[in-house]
Each structure stands twice: as structure tokens, then as C-alpha cells.
Amino acid sequence: MRKTGRGPFKSVPKVCVAVLILLAAVGAWAQTGNNASVIVLMFDGAGATVPTVARWYKGAPLNVDSMYLSGVRTYGADSIITDSAPAATAFACGVKSDDKYVGIMPSAITVPVGAAVSDSLKYKPVASVLEGARLAGKSTGMIATSNVQHASPAGYSSHVVSRSDYNEIGEQQVYGNVDVCLSGGSWYLLPTSLGGKRTDGANLVDVLKARGYGYVQTKADMEAFAGKKLWGMFADDALAYDLDRPRFAPTQPSLSEMTSKAIELLKKNSNGFFLFVEGSKVDWADHADDPVGGVTDFLAFDEAVGVALNYAKAHDGTMVLVFADHATGGMTLGNTSTSGTYSHLQPESLLTHLKAAKLTGEGVELALGADRSESGVRTVMEQEYSISDLTSEEVAAIQGAPAGSMNYVVGPMISQRSSIGWTTNGHTGEDIFFWYYGYKKPLRLIENTDIAKMCAHRMGFDLQDVDKKLFVEAGQAFASTGATLAIDATDPANKALVATKGTKSARIPFATDLIHLVEGTKHKDATMKGIAVYISKTGKAYVPKDAAVLFQDF
């Protein structure tokens, strides 16, 4: 790739001169320091219409309305419409990558954003700002309403070719030493023998406890926790929608409650902290063209923004960034039914059914249970959505909805009755809002990769330096030691890098920060400054720079 000298390492895609000038200006007036903190709040999959409708729904200004406002471009290396995985890689690591890749370099650049990626850098793991914050001595945290192994939090804490590899992502996260993690996803921490979905036999909950973490599964236990390091897994997979939570998941905390608890724990570090907060299921609702789930979960997200802003306003040097990774669904305020009436449209046409909804489509499915009779369907839809005029076709659609798809069925029904339109069940590629607090001057339109650079600059480190310390190709890392390297794949689910020189050896299990050293009768277990990563696409292994030092000094 052409070198620009401004990315997390020298070989990043070239960006426009205007953005480079912007970042130089940012560097001139953005407050930095060893104790600076950054809170990034990202609501997945929402363009401009979601907060617009949410503002009407709330009937009052949003918390984001008190922040400065700019815009951000979202395209990836291989598409003008991004997926969540390369989007997360961009704003967490400062690199535009390919579809489904998390925390790694692209294998091909097809969108005209720069020169082709060199063979040596294809699929290479690349450091995130969370990892940089940890190396800088700051506390780190992640919060999501999806499972924490989902694409966006994974972008800060893992390095994989496939965003769907939850087992690998989960292991990398546990050994990545994040101080506070509050989300769903316990399935991917536990082996199948204990009701989880891990096929490698690992019990990562036991690993967390052995490393000194508190592990909680309810809101009450989260609030009572008084230690320093905490994992809260409040669901097997994703958490409930905020609207459905009081009825169907009352022991789960809200996003704002998780944000408040994380800040309470992270702020104990005098060096500052980095916290990522995701309102994950706005995207899921928007995929289903379901305005109820999208708007109410956005409002729950905006409450978390309020928590972050209140902290930042009381603590100088704290930066708060709020944005979406991309838009989803192509939501519009106005649809084909308003083509001739839009100039006289009143708020009631939008809000009557929307505000009457007591559950999301996911909640409706739970409320229906096994009763899909016509009378059962009509009763639930009238009680929960105040829709009493279902057509026979709509009743049949609800009756025939497969498990887990009710949002896709009832979402369009309430949209049509609420003057809301949609263009797709996928993502869309428009530029999106970027709210920020902690800067004194306005920003122009930025790239999503600039978000990572802003975070790193505020916290006082360079992502290129972090990358050089954490992700060195194993052959290069051990070159000066004279060791022979091999991949031990005896257990395909638990591969490891093995370095040997004479009677000395080191074994480094992938996805962990562990190194087991042996020489003759001497044994030592140590931890590296980061995790080891194996990329099956290339057969290459990457280790922290200090792995070779630990081997050499043993």
C-alpha cells in the first residue's frame, strides 16, 4: 500500500488531503494527557431518520442534541456500503478493511481509496485503541446489548478473518485483559458440556475467575460489585430490547445502568480509561424494518449518552464520541402513503401507533407464545400495538412467522400505519451523524478511520507504535533468538506456536497471552503484553514483541 505516515502504521489507504489537514488541526487544540479518558458510544445501524423519529417520540431534545455535530463517511475497502465488521475495524483500529474481517488488514482494496495492499500485510492483525489504552496503563471497558463477541465490540478486542467465529473472538477477549465487560454472550464462554457453545473444551468463565475478575449475571449482582475487574454476562446470547426487558428479562440491566457501573469502576484508575458502549440492537430492528425496536432502543442508548456526558462535564480531559457504524434499512420519515399528504402531515400520523406499542416484534413473539390462532393474534396485536384493523393477510403472516422473525413481520405493519418508509433489509451507505464532546472547535466531515486516530491522540499514544509492540510476525519476532518455530496443531481446536532452541522451548497457545517456557527441568508460565493470533488464511502467526524477549531471557 502507498505510505502516508499518518495511520496506525505506515501502510494505510490514502485519504483525502482535507482530512489530513483536519487531523493536523485537531492535534493543535485537542487536549491530551496521561490521565485523559475517552468514551465511545456507537449505536449500530442507524442513519439520520432514527434519531429524528426518536426526538418526535420523546417529545423533547435528546442528550446528543447538546453535543457538537459533524458527519462521518462509512464505506469500506471493498464496498461503498460497509458491514459492521470492517466498520468496527475502521473506527477501532484506523484501517478500512474487507467484509467480515475484524481487527485485521484487508486482503483486497476494490473501492478507490488507495493503492493495493501488499502481500506481506494482507490479513495482518492490527492494533486497536482499546489495546493501546491498556498498554498506556489505562483501564478499559466494553459494553454491548448484543453478545459481546459481536462485530463491533470484537473490533476493539479481537483479530479474526470471520466475524462469526464467536468462540475465537470470545477467547481473545478473555485473554485480552479488558477490565470491565458488560453484555450478553455467556454461551461463547462455556463448553458444550456445560450448556455453552464452545467446542474446544475451554471454560472461559473459570479463566476469568482465576484472573481475579468478578463474574455476575444479574443487574443486582452488577450493582453490588465493589471490586476492580468485572465481567457481567446477562444473557446466553443477546440482551432483550429495552422495551421488552421489564416484562421478559427483568434481571438484565439497561444500557445506561451498565454504562454508569462501568464508569464507576474504570474511573478508579488515575491514568484514565477507555470505554466502548454499543446500542447493538438498533441495527437488528432496522434490518427488520421495525421502527418500534429501533426507536426505543435508540432512546435507551441516548440515556447512556447522558450518563457519559454527565461524567465528562464533571471531569476535564474526558472525550465523548457518538456515532453509528453505518445506516440500516433505509428508514424514511414519510412513505408511499404520504406522497400526496406530506405537506400537511401532523405528529399524530407518526406517533399514534408507534407510541402505543408496548413491545417490539421480538416481544410480540414471546407474548403470543404457542397461541397463533386468529383470535390470539388479533388480541395480542390490539393489546400490545393498538392495531385493531389487521387484514387477513397480516394475520396469516403473523401466524406463519418463523421463530425469531416476528420483527420482520410486524415491523412493516406498524411502519405503514406510522408514515414510516424503508428501502431495504440490508445496510445503506450514506454519510451519518457524528456527535462529539471535549473538543473546542468544529469538525468537518471525517472518515470512520479518523475516529481511531482521534481516540489515540487524546489518550497520548500512536497506533503505529502499539501495533509494532503487539502484532509482529512470529518469524520476525524470534529471528534474533535463533529459535526454530512450528505450529502445533495436534489439537486443531487449540493450536499453539512452539519455539525451540536446543533444550529451551516456548509454547504459546493462540488467542491467549500465555507463554509456557521450558529448559531442562525448569518451567515457567508467563504472560505477554498481548495475545498471539493465528491467521488460517495465510498460515502466519503473530505475537507480541515481548514474546521473544521472554524466551531469550529465560
Side-chain angles (χ1 to χ4, degrees), residues 8-11 93 103-105 107 117-128 131-132 134-135 157-161 165 167-169 171-177 200-202 207 210-211 462-554:
F9 47 91
K10 293 181 180 178
S11 329
C93 306
I104 64 173
M105 287 290 289
S107 55
V117 61
S118 67
D119 288 341
S120 63
L121 290 179
K122 290 180 179 180
Y123 303 104
K124 180 192 176 297
V126 58
S128 75
E131 292 166 328
R134 178 176 54 79
L135 283 190
S157 54
S158 65
H159 308 273
V160 295
V161 174
D165 194 352
N167 283 349
E168 183 74 7
I169 292 168
E171 188 168 17
Q172 290 187 20
Q173 289 174 330
V174 165
Y175 285 98
N177 296 308
D200 60 1
V207 172
R211 288 184 162 225
D462 188 298
L463 273 171
Q464 179 179 359
D465 293 337
V466 176
D467 191 71
K468 289 178 179 178
K469 292 174 182 176
L470 292 184
F471 298 108
V472 185
E473 197 276 317
Q476 296 176 11
F478 281 88
S480 63
T481 69
T484 300
L485 302 182
I487 304 296
D488 181 0
T490 304
D491 180 354
N494 293 285
K495 294 185 177 72
L497 176 70
V498 177
T500 57
K501 181 180 180 182
T503 60
K504 183 190 293 187
S505 69
R507 180 179 179 84
I508 304 174
F510 292 121
T512 79
D513 62 348
L514 305 175
I515 180 169
H516 179 62
L517 300 158
V518 178
E519 184 170 21
T521 59
K522 293 193 303 179
H523 295 259
K524 180 181 179 181
D525 290 319
T527 56
M528 304 176 293
K529 291 183 178 180
I531 59 171
V533 175
Y534 177 70
I535 303 296
S536 58
K537 286 277 189 181
T538 61
K540 290 183 178 180
Y542 298 86
V543 295
K545 187 176 181 179
D546 69 325
V549 176
L550 290 167
F551 177 78
Q552 187 81 4
D553 292 346
F554 178 64

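When side chains are defined from C-beta on, Val117 counts as touching Met105, because their heavy atoms get closer than 4.5 Å. You'll find the side chain of Lys504 stays beyond 4.5 Å of the side chain of Val518, heavy atoms only. Between Thr484 and Lys501, every side-chain heavy-atom pair lies at or beyond the 4.5 Å cut-off. Residues Lys468 and Lys545 fail the side-chain proximity criterion, which asks for heavy atoms closer than 4.5 Å. Using a 4.5 Å heavy-atom threshold, the side chains of Tyr175 and Arg211 count as touching. Side-chain contact between Ile515 and Thr527 is absent, with no heavy atoms from C-beta onward closer than 4.5 Å. Between Leu514 and Asp525 there is no side-chain heavy-atom pair separated by less than 4.5 Å.
Between His159 and Tyr542, the distance from one ring center to the other does not fall under 6.0 angstrom.
If you check the side chains of Asp513 and Asn177, you find a donor sitting under 3.5 Å from an acceptor. At a cut-off of 3.5 Å, with distance as the only test, a side-chain donor of Gln173 or Ser157 sits close to an acceptor on the other residue.
Note that the CG atom of Asp165 and the OG atom of Ser158 stand 9.0 Å from one another [nearest 0.5 Å]. Atom CG of residue Leu517 and atom CD1 of residue Ile508 lie 8.0 Å apart, to the nearest 0.5 angstrom. Note: Ile535 CD1 to Phe510 CZ = 9.5 Å, rounded to the nearest 0.5 Å. To the nearest 0.5 Å, atoms CD1 (Ile487) and OH (Tyr534) are separated by 5.5 Å. Note: Lys124 NZ to Asp467 CG = 3.5 Å, rounded to the nearest 0.5 Å. Separating the CD1 atom in Ile531 from the CZ atom in Phe471 is a distance of 5.5 Å, to the nearest 0.5 Å.
Of all non-hydrogen atoms in Thr538 and Lys122, the two that sit nearest each other are CG2-O, 4.3 Å. When all heavy atoms are compared, the tightest approach of Ala477 to Ala548 is O-CB, 3.1 Å. A pairwise comparison of heavy atoms in Pro509 and Ala496 identifies CA-CB, 3.8 Å as the closest pair. Heavy atoms only, all atoms of each residue included: Ala499 and Phe551 are closest at O-CE1, 3.9 Å.
Counting only distance, with no hydrogens or angles, the side chain of Glu473 and the backbone of Gln476 share a donor-acceptor pair below 3.5 Å. Judged by distance alone, with hydrogens and angles left aside, the side-chain atoms of Glu171 form no donor-acceptor pair with the main-chain N or O of Glu168 at under 3.5 Å. Proximity of a side-chain donor or acceptor of Lys469 to a complementary backbone N or O of Val466 within less than 3.5 Å is not detected.
Arg507 has a carboxylate O that lies under 4.0 Å from a charged side-chain N of Asp488, or vice versa, which qualifies the two as a salt bridge.
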- Message: Run Val543 and Leu497 through side-chain contact (heavy atoms from CB on, under 4.5 Å) and show every step you take.
- Response: CA-CA 9 Å; Val543 295; Leu497 176 70; 3.8 Å; yes

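Seen from the ring of Phe554, Lys524 does not count as a face-on cation partner, given the 6.0 Å and 45° thresholds.
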